[in-house]
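For reference, the structure is listed below as structure tokens.
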Protein chains: 2
Amino acid sequence: MAEEELIPEDEAFGITERLRADVLEAVEAEDGPGVAGLLDPLHAADVAHLLEQIDARQRRELLTVWPGGLEGEVLSELDESLREEVIEQLAPAELADAVRELESDDVVDLVEYLDEEQQEAVLDALDAGDRVLVEQALTYPEESAGRHMQSELVRAPEDWTVGDAIDYLRSDVILPDQFYHIILVDPRLKATGYVTLGRILSHPRATPLKRLTEDSFRTFHVEQDVEEVAQAINHYHMITAPVVDDDDRIVGVITIDDAMMFLEEEAEEDILRLAGVGEGSLSDRVIDTTKQRFPWLAVNLVTAILASLVIALFEETIAGLVALAVLMPIVASMGGNAGTQSLTVAVRALATRDLTTANVWRVIRREVLVGLINGAIFAVVMGVVGVVWFGSPMLGVVIAVAMVINLVVAGLAGTVIPVILERLGVDPALASGAFVTTVTDVVGFFAFLGLAAVWLL
Amino acid sequence: MAEEELIPEDEAFGITERLRADVLEAVEAEDGPGVAGLLDPLHAADVAHLLEQIDARQRRELLTVWPGGLEGEVLSELDESLREEVIEQLAPAELADAVRELESDDVVDLVEYLDEEQQEAVLDALDAGDRVLVEQALTYPEESAGRHMQSELVRAPEDWTVGDAIDYLRSDVILPDQFYHIILVDPRLKATGYVTLGRILSHPRATPLKRLTEDSFRTFHVEQDVEEVAQAINHYHMITAPVVDDDDRIVGVITIDDAMMFLEEEAEEDILRLAGVGEGSLSDRVIDTTKQRFPWLAVNLVTAILASLVIALFEETIAGLVALAVLMPIVASMGGNAGTQSLTVAVRALATRDLTTANVWRVIRREVLVGLINGAIFAVVMGVVGVVWFGSPMLGVVIAVAMVINLVVAGLAGTVIPVILERLGVDPALASGAFVTTVTDVVGFFAFLGLAAVWLL
């Protein structure tokens with residue numbers, strides 16, 4: 001295949017196919033300085049992406065030829081499924097060098113899914129202060145704000161002025177590598193507001209910080225789901241989300257760049273779950289991928305057999321008129337597709353909180369109406385096809401009526417099933433598809449063959 | 001339905017069902033001050049969300065009872081499908097008040113899809129300087145960085161020190177409402193790096209700004225796709241992406257909070273396209289939704305008829321053994337599901353640039369192998385079901401072999417078709433589904449019925 005086609009010329013970021021080829025050539029030639037010369041100038045995210053693109057043998061060779069080259073940032077950027085593999089290949093001193101560069105929240109992300117031995121190796125490489133922060137974060141539940149927050153932050157008494165804040169920042173105090181807000185606290189360390197650095201810099205020294213706080217300010221509990229925090233950051237256009245403990249004391253922040261990553265992961269998960277893929281990435285091994293795909297296919301087999309049982313009820317009808325066997329998948333397939341449309345809209349609307357108790361009946365009514373209208377149109381089309389193809393007007397009527405029934409049911413099931421699953425606490429993205437297509441298959445075959453049995457034979 | 005169930009108690013953000021009910025009650029009672037009292041303290045994003053939840057009649061009444069209450073921010077947060085409706089109900093003076101509060105990039109987002117008359121009304125409300133900025137932005141292509149950038153930014157000569165920068169920021173200069181970086185420019189205004197405010201504040205006055213620039217710095221052309229810029233912001237953890245003109249001169253910035261919104265929109269689009277829904281939101285009218293859903297259902301009808309034509313080839317075979325009609329949907333359905341799994345992974349991997357020329361053959365091989373393994377497992381299961389259900393060992397063999405063939409083809413088609421579509425410049429999220437399920441239906445029916453015709457009759 002031509003090299004340039006899968007990544008277009010006007011790419012906004014990432015490494016070129018040319019660069020990747022050069023790196024692999026240098027690796028093949030065991031040209032250490034050559035590899036370093038190509039990789040050292042790259043952003044860690046690009047090095048990680050390159051490692052994900054090449055195969056396991058090439059990765060091993062690259063890490064051998066480029067000793068000490070791997071920064072901690074690259075480990076943090078790397079796909080989870082490859083971290084264990086890459087960490088295994090680093091010498092203990094190399095691993096220690098790499099992780100010492102990272103902020104505590106990045107170390108937490110890095111170690112949380114490592115096996116115990118590797119986790120220990122990484123923790124041992126940290127200095128005592130960082131180790132305490134990481135171990136503290138690991139005590140919070142998975143996917144919680146506490147687990148993923150950055151502990152480094154800047155706070156100030158709420159009665160300070162702009163001048164106080166600037167003097168403080170300009171003093172010898174150690175500041176985080178990146179920060180965008182100063183968080184105001186009352187005497188009990190309760191967070192009461194935040195001020196952006198830009199606002200501080202653009203106001204006179206005498207201005208009280210309290211006068212410059214932002215509307216978007218709100219706090220999140222350490223045990224809050226980090227994806228919810230990320231959604232709130234997006235909803236309110238926040239840059240920093242303050243995380244507080246049970247007493248409302250500020251203990252950390254979730255920053256917008258991390259929030260962006262969590263939201264991306266969530267959308268990705270929803271897409272894959274809707275398709276019955278579960279977790280997983282291109283770097284997974286064949287056996288892992290097979291296992292991920294298997295459960296949904298197994299569920300689908302059961303639902304397909306259910307549909308077949310419905311068909312089996314009408315074996316005699318089909319034996320009497322084989323045209324029914326030819327046409328019946330059309331009704332089921334149209335229902336399945338219409339149902340998938342409705343359920344996808346419903347699942348996403350639930351995820352983004354657009355579908356609520358306030359409008360659920362309106363949405364159900366709309367979906368049913370849409371099913372009715374589209375069903376009527378396709379009923380006419382298929383009625384005509386049935387008559388022309390098989391020369392039987394009554395067959396045309398049967399398929400037309402079955403089509404309308406199935407598309408209305410698809411709209412109804414596609415909305416009601418995700419809503420019910422959500423209320424039951426089951427992830428609707430994961431489970432809706434199986435239920436909805438079972439309904440549309442069963443109803444589709446039953447309506448079509450049942451009407452045929454009554455009206456045609 | 002109980003009020004509290006669709007939005008759980010521990011919500012991180014948004015309005016409660018209680019508040020919504022109170023607002024509607026006050027609207028019903030035409031209690032203007034009551035409505036204002038409830039809505040004025042809310043963040044604009046929450047007011048917009050409330051307007052999206054209620055129906056058209058309630059929205060009209062709310063806007064009548066709450067005159068002058070609607071801020072510009074609310075318009076900008078509102079779902080596109082509702083903006084025209086809401087703007088129509090505002091008095092010209094009200095509209096003018098609302099839009100004058102907005103930054104120029106928000107006005108662009110607001111007006112770009114309005115009809116000409118409304119666009120004119122909004123532009124007329126702006127002062128001359130803002131109007132020029134907005135009209136300038138509208139000359140860039142839709143979805144380009146230039147169209148969506150914020151023109152307000154802070155730049156500084158690249159040879160300045162920390163002290164120079166602080167003195168400049170503390171002088172009487174007018175600064176943007178929100179900014180996180182100072183962008184360094186050379187004497188020709190070419191952007192050469194950026195420094196965060198946090199770094200400036202935490203270094204001695206004598207430090208040259210050049211020494212504090214960030215690794216993540218890179219510039220984007222005004223005509224670059226804004227979604228690509230957003231992906232780059234996410235990839236490199238940038239807070240601000242500088243946008244430059246043909247001469248590399250800095251003309252604006254895309255900020256991370258806008259990038260987050262673009263990425264969310266993109267993921268949403270992909271999800272809906274994969275399900276054949278196209279654009280659309282819960283607020284759309286029945287007729288719009290029907291139109292959005294129709295094309296994909298029409299495509300599906302054609303592919304379903306194609307599959308039926310394959311079945312029609314074997315009418316005699318089915319007449320000879322009706323069990324075939326009972327079992328054939330199982331093979332097609334399993335293939336369709338396995339194909340959807342593969343194509344979803346491929347489509348997302350293309351979108352996130354994880355699937356490239358470097359690994360496309362590896363991924364195809366993996367998908368085929370996964371299809372082979374899962375196919376073999378389900379072949380055994382269905383073989384046994386075939387024998388037990390219909391008492392024919394040969395029927396078991398036929399369905400087993402057909403199952404393996406179809407799952408291998410599903411893995412192959414599910415990967416190759418999106419890759420080919422991407423190369424042809426067709427959005428693989430939109431078109432892959434129809435092609436892949438056509439392939440798995442046709443192959444599924446043909447393999448199963450064809451083998452049956454040869455081996456069973």
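Keep in mind that the numbers below use all heavy atoms, side chains included, and drop hydrogens, waters and symmetry copies.
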Heavy-atom cut-off 4.5 Å, strictly under: side chain, backbone, both or neither for [X] against chain B?
X      : value
A:F179 : both
A:A307 : neither
A:E214 : side chain
A:I377 : side chain

Portion of [X] that has a non-hydrogen atom of chain A nearer than 4.5 angstrom:
X      : value
B:V363 : side chain
B:S342 : both
B:L274 : side chain
B:F294 : both
B:F314 : neither
B:V381 : side chain
B:P204 : backbone
B:I166 : side chain
B:A259 : both
B:R365 : neither
B:D55  : both

Could you tell me whether the side chains of B:Q231 and A:E264 share a donor-acceptor contact shorter than 3.5 Å? no

State whether the side chain of [X] and the backbone N or O of [Y] hold a donor-acceptor pair below 3.5 Å, judged by distance alone.
X      : Y      : value
A:Q341 : B:R293 : yes
B:S308 : A:V326 : yes
A:R362 : B:Q53  : yes
B:R170 : A:H203 : yes

Which residue out of [options] racks up the most heavy-atom pairs below 4.5 Å with chain B?
options                        : value
A:I318, A:V345, A:T340, A:V154 : A:V345
A:A267, A:A145, A:G433, A:S202 : A:S202
A:L175, A:I271, A:N359         : A:I271
A:A241, A:A338, A:A325         : A:A325
A:L169, A:I305, A:T290         : A:T290
A:N234, A:L369, A:I373, A:T344 : A:N234

Over all heavy atoms of both residues, which pair between [X] and [Y] is shortest? Give the atoms and the distance, please.
X      : Y      : answer
B:M334 : A:N300 : SD-ND2, 3.2 Å
B:W389 : A:A312 : CZ2-CB, 3.8 Å
B:V322 : A:A319 : CG2-CB, 3.6 Å

For the [atom1] atom of [X] and the [atom2] atom of [Y], what is their distance to the nearest 0.5 Å?
X      : Y      : atom1 : atom2 : result
B:R366 : A:I287 : CZ    : CD1   : 12.5 Å
B:T303 : A:I330 : OG1   : CD1   : 9.5 Å
A:N374 : B:L297 : CG    : CG    : 5.5 Å

Should [X] and [Y] count as side-chain neighbours, where that means a heavy-atom distance under 4.5 Å?
X      : Y      : result
A:D46  : B:Y236 : yes
A:D441 : B:P329 : no
A:H235 : B:E77  : no
A:I239 : B:Q178 : no
A:L263 : B:L263 : no
B:L197 : A:Y180 : no

I'd like to know whether B:D257 forms a side chain to side chain contact (heavy atoms under 4.5 Å, CB included) with A:M238, so could you lay out the CA-CA distance, the side-chain angles of the two residues, the decisive distance to 0.1 Å, and finally the verdict. CA-CA 7 Å; B:D257 55 322; A:M238 304 169 80; over 6 Å; no

Check whether more than 12 heavy atoms from other residues, nucleotides or ligands sit under 6.0 Å from atom CG of B:D215, and answer yes or no. no

Would you call the rings of A:H237 and B:H43 parallel, tilted or perpendicular, where under 30° means parallel and over 60° means perpendicular? tilted

When you look at A:M260 and B:I233, which way does the side chain to side chain contact (heavy atoms under 4.5 Å, CB included) test go after all the steps? CA-CA 10 Å; A:M260 200 166 179; B:I233 286 176; 4.1 Å; yes

Among the listed options B:P176, B:G336, B:G198, B:A332, the residue most often paired with chain A at heavy-atom distances under 4.5 Å: B:G198

Who wins among B:M261, B:H221, B:E268, B:E266 for the most heavy-atom pairs under 4.5 Å with chain A? B:E268

Between A:R353 and B:E52, is the salt bridge (charged side-chain N to carboxylate O under 4.0 Å, His left out) condition met? List the steps. CA-CA 11 Å; A:R353 298 160 175 250; B:E52 288 159 14; over 6 Å; no

For a side chain to side chain contact (heavy atoms under 4.5 Å, CB included) check, start with the C-alpha distance between B:R20 and A:T356, then their side-chain angles and the critical distance, and finish with the verdict. CA-CA 11 Å; B:R20 203 193 46 238; A:T356 62; 3.8 Å; yes

